[in-house]
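Working notes, beginning with the structure itself.
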Amino acid sequence: MQEARQAPVIEIQGLTKTYGGGFTALKSIDLDIRRGEIFALLGPNGAGKTTLISIICGLVNPSSGHVRVAGHDIISDFRAARSYIGLVPQELTNEAFSTVWDSVSFSRGLFGKPRNPAHIEQVLRSLSLWDKRKNRLITLSGGMKRRVLIAKALAHEPDILFLDEPTAGVDVELRRDMWEVVRGLRDNGVTIILTTHYIEEAEEMADRIGVIRSGELVLVEEKHALMRSLGRKELTLQLRQPLDEVPESLTRFGLTLADDGHALVYTYDDASTASDSENHDGDSPEMDGHGRQGHDVEGQSGIAKLLAGLDNAGVGVKDLYTRQSSLEEIFVSLVQERKE
Amino acid sequence: MNVTSIKTIYVAEMARSLRTVLQSIVSPVVSTSLYFVVFGSAIGTRITQVEGVPYGAFIVPGLIMLMLLTQSVSNASFGIFFPRFTGSIYEILSAPISPLEIVLGFVTAAATKSIVLGLIVLATASLFVPFSIQHPAVMLLFLVLTALTFSLLGFIIGIWADGFEKLQLVPLLIITPLTFLGGTFYSIDMLPPTWQVVTLFNPVVYLVSGFRWSFYGQGDVSIWISLLMIVLFMLLALLIIQAIFRSGYRLKP
């Protein structure tokens with residue numbers, strides 16, 4: 001069962017795209033998308049996210065390389081390949097004067113599927129569009145238009161759904177509604193590939209993360225593994241008495257003062273003890289923090305030494321908590337690393 | 001052949017025309033009827049016969065052809081340009097449809113509208129001037145071939161145009177002048193000898209001539225040449241469209 005779930009539904013090999021003007025948007029991309037996963041593609045503007053999606057969906061011609069969708073080549077066997085795919089584009093593009101019902105039904109027919117009013121109704125209801133089915137698209141709000149685009153992509157019952165910036169310009173409530181819809185689709189076996197600027201979106205939904213920058217796939221990793229291996233942790237110690245400076249005896253810990261001297265922040269890396277994490281699943285964040293210190297001071301636990309050092313220096317601690325860096329921080333650091 | 005997809009595009013295009021019935025149907029019928037009133041009934045009564053046909057009746061085939069050409073180009077060019085303009089073309093290009101099926105959907109819809117309009121104008125003309133049709137089957141054949149060929153041309157223009165101005169440019173500056181100078185209102189025998197030769201480079205001459213032959217059994221050029229020319233125009237348009245889809249010109253970067 002697990003093996004079937006992991007089989008690639010999209011295989012990308014050596015995919016390169018150079019536009020007419022000479023700009024290379026993709027540089028020999030290799031990527032497998034697993035069946036049934038939510039894959040988030042992150043990257044700054046102009047990184048090549050939309051180009052990659054557009055090639056797979058048939059909107060842009062590749063310069064070289066191969067893409068297979070469910071085993072079908074997107075060029076030589078385009079009919080079969082495209083029949084699996086639903087695409088929600090970034091731009092709010094609609095036939096302004098059509099009704100919601102007509103527009104979604106049109107999308108189904110375009111994919112050669114016979115009429116199925118029951119399915120269209122189910123899609124519209126799931127996206128809270130049923131009451132708007134007779135409305136012309138031009139009369140809808142931006143959020144509703146975005147839902148219509150999703151409904152159109154789902155009209156032909158695709159196995160793979162591409163969401164290019166699905167919640168751009170959408171309010172928080174609607175965004176969370178859409179996440180629910182996407183999760184529901186995944187639960188029904190639909191593979192989801194989304195690009196997003198909202199790291200929160202990827203953090204919330206994705207199973208795996210791909211980071212693309214300047215046309216190169218910088219990293220592909222399970223979200224949790226990525227956050228474990230690249231995430232940095234911070235231990236913040238709330239002090240009983242404020243300090244003007246870090247005591248001499250504690251400088252080796254690389255501490256920084258915060259909160260006007262009322263707090264000391266100890267930053268440590270999770271990577272060196274990542275393998276230990278398997279033993280700590282289900283532990284509280286505090287326990288994680290104590291169990292995974294990265295700075296190994298004199299062969300002992302960094303945090304234990306730090307606490308002992310604080311005690312020796314007469315620094316009283318009234319509270320402490322740990323925080324793991326977010327995907328956004330990981331992403332920014334990855335992109336900046338590459339820039340440097 | 002993905003018939004459902006072709007039919008979907010066809011039905012959507014026809015529905016668009018019905019949504020804009022005033023612009024799509026009433027407007028061209030009214031404007032063409034004005035020609036019949038002015039040139040047929042009013043001025044036509046003071047002009048002698050042309051090639052043995054009363055002037056009012058003589059201009060009927062040419063005027064229908066004028067309307068057919070402009071409407072075919074306009075319908076098809078707008079049909080493919082509008083989704084390009086709004087961006088909704090993504091849906092068509094990412095669907096499991098071949099270029100030929102896309103063309104069939106748009107072009108047959110545009111041609112259908114033009115043929116219906118042509119028949120409406122033909123019926124309207126009979127209210128103003130008496131005329132007969134000697135070869136109705138040939139007349140219908142010309143109507144269909146011309147509507148399809150110029151819808152293909154319109155499709156090309158709709159892909160070439162990068163704005164509404166260009167969309168209007170070809171119909172206004174090329175199609176309409178060529179039609180007016182292509183024997184719509186006169187026989188090319190009425191021109192000086194040099195201009196008679198020059199006129200033969202105007203493709204519309206062959207269309208008007210062939211269409212007029214189907215009405216009155218006579219034209220400026222042989223019916224076979226007219227038929228050959230319309231088939232050649234159609235093949236040329238198809239070749240251009242094939243090249244467009246192969247290269248992705250203005251559709252796929």
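With a threshold of 4.5 angstrom between heavy atoms, B:Phe85 does not approach chain A through any atom at all. Residue contact with chain A, scored on non-hydrogen atoms closer than 4.5 Å, is absent for B:Ile89.
B:Ile133 is linked by a side chain to side chain contact (heavy atoms under 4.5 Å, CB included) to B:Leu122, B:Phe131, B:Pro136, B:Met139, B:Phe215, counting only residues two or more places apart in sequence or in another chain. For A:Asn188, there are no side-chain hydrogen bond (donor to acceptor under 3.5 Å, both in side chains) partners two or more places apart in sequence or in a different chain. Annotation: side chain to side chain contact (heavy atoms under 4.5 Å, CB included) contacts of A:Ala153 (sequence neighbours excluded): A:Val88, A:Leu161.
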Between chain B and chain A, which donor-acceptor pairs sit under 3.5 Å apart?
from: A:Lys17; atom 1: NZ; to: B:Pro253; atom 2: O; distance (Å): 3.3
from: A:Gly58; atom 1: O; to: B:Lys252; atom 2: NZ; distance (Å): 2.9
from: A:Asn61; atom 1: N; to: B:Pro253; atom 2: O; distance (Å): 3.1
from: A:Arg79; atom 1: NH1; to: B:Pro96; atom 2: O; distance (Å): 3.4
from: A:Arg79; atom 1: NH1; to: B:Glu101; atom 2: OE1; distance (Å): 2.9
from: A:Arg79; atom 1: NH1; to: B:Glu101; atom 2: OE2; distance (Å): 3.2
from: A:Arg79; atom 1: NH2; to: B:Glu101; atom 2: OE1; distance (Å): 3.4
from: A:Arg79; atom 1: NH2; to: B:Glu101; atom 2: OE2; distance (Å): 2.8
from: A:Arg82; atom 1: NH1; to: B:Leu93; atom 2: O; distance (Å): 3.0
from: A:Arg82; atom 1: NH1; to: B:Ala95; atom 2: O; distance (Å): 2.9
from: A:Ser107; atom 1: OG; to: B:Glu91; atom 2: OE2; distance (Å): 2.1
from: A:Gly109; atom 1: O; to: B:Thr8; atom 2: OG1; distance (Å): 3.3
from: A:Leu110; atom 1: O; to: B:Ser5; atom 2: OG; distance (Å): 2.8
from: A:Gly112; atom 1: N; to: B:Ser5; atom 2: OG; distance (Å): 3.4
from: A:Lys152; atom 1: NZ; to: B:Glu91; atom 2: OE1; distance (Å): 3.1
from: A:Lys152; atom 1: NZ; to: B:Glu91; atom 2: OE2; distance (Å): 3.2

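To the nearest 0.5 Å, the span separating CD1 on B:Ile97 from CZ on A:Phe78 amounts to 9.0 Å. The line from CG of A:Leu110 to CD1 of B:Ile9 is 5.5 Å long, rounded to the nearest 0.5 Å.
The minimum heavy-atom distance between A:Phe111 and B:Pro96, with the atom names listed, is CD2-CD, 3.2 Å.
Comparing B:Pro83, B:Ala15, B:Gly87 by heavy-atom pairs within less than 4.5 Å of chain A, the highest count is held by B:Gly87.
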